[in-house]
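Read the structure below first, then the notes.
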Amino acid sequence: MLRTAISGRIIQTWCTDTDLSEWHGVSTDYQGRVISIDLYSNNLVGTIPAEIGTFEALWTLNLSYNQLSGEIPASTAKLTELRNLYLSRNKLSGSITSVH
């Protein structure tokens, strides 16, 4: 689970009934599918959840300049539409699995 290092709370608009298009750092397409998650430099700590692989339409994932640690989830291989992946300046380990 991602949490902010400053407050220790989950990002305020996340995990609410708020429309996804209004969530901090999230962009959706006309069908309401998540196409971009941009949480660059948000003081996030924790691991990247395996559920990241459920965003089938995701084009961009930017989690750079946070304090994330642990393994890069194998579920990233399910992101067949992913074109931009930014994970630098974290403490992540492992490799990114190729999409076949």
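Values in this document were obtained by computation on a predicted structure and should not be read as measured data.
Here the closest non-hydrogen pair linking G94 and E71 is CA-OE1, 3.5 Å. Shortest non-hydrogen contact noted between K78 and G53 is CB-O, 3.6 Å. The two residues L63 and N90 have their closest heavy-atom pair at O-ND2, 2.9 Å. When every heavy atom of A50 is checked against every heavy atom of S75, the shortest pair comes out as O-OG, 2.5 Å. Counting all heavy atoms, side chain and backbone alike, P49 lies closest to P73 at O-CG, 3.9 Å.
L39 places a side-chain heavy atom less than 4.5 Å from the side chain of H24.
When the shell of 6.0 Å around CD of E56 is examined, it contains 12 or fewer heavy atoms from other residues, nucleotides or ligands.
Rounding to the nearest 0.5 angstrom, the gap separating the OG atom in S88 from the CG atom in N62 is 7.5 Å. Between atom CD of residue Q67 and atom OG of residue S41 there is a gap of 9.5 Å, rounded to the nearest 0.5 Å. Atom CG of L58 sits about 9.5 Å away from atom CG of N84, to the nearest 0.5 Å. The CG atom of L68 sits 8.0 Å away from atom OG1 of T47, with the distance rounded to the nearest 0.5 Å. Here the CD1 atom belonging to I35 is positioned 12.5 Å from the CG atom belonging to L82, to the nearest 0.5 angstrom.
V26 and L87 fall within a single hydrophobic cluster, where Ile, Leu, Val, Met, Phe, Trp and Tyr side chains are chained together by heavy-atom contacts under 4.5 Å. Clustering ILVMFWY residues whenever any of their side-chain heavy atoms sit less than 4.5 angstrom apart, transitively, puts Y86 in a cluster other than the one holding Y40. Under a hydrophobic clustering in which Ile, Leu, Val, Met, Phe, Trp and Tyr are joined whenever their side-chain heavy atoms come within less than 4.5 Å, directly or via other members, I48 and Y65 fall into different clusters. Hydrophobic clustering of Ile, Leu, Val, Met, Phe, Trp and Tyr side chains at less than 4.5 Å, counting indirect connections, keeps W59 apart from L85. In the hydrophobic clustering of this structure, I96 groups with L92; members are Ile, Leu, Val, Met, Phe, Trp, Tyr whose side-chain heavy atoms approach within less than 4.5 Å, directly or through other members.
Without hydrogens or angle criteria, N42 side chain to L44 main chain gives no donor-acceptor distance under 3.5 Å.
A donor-acceptor pair shorter than 3.5 Å cannot be found between the side chains of S36 and D38.
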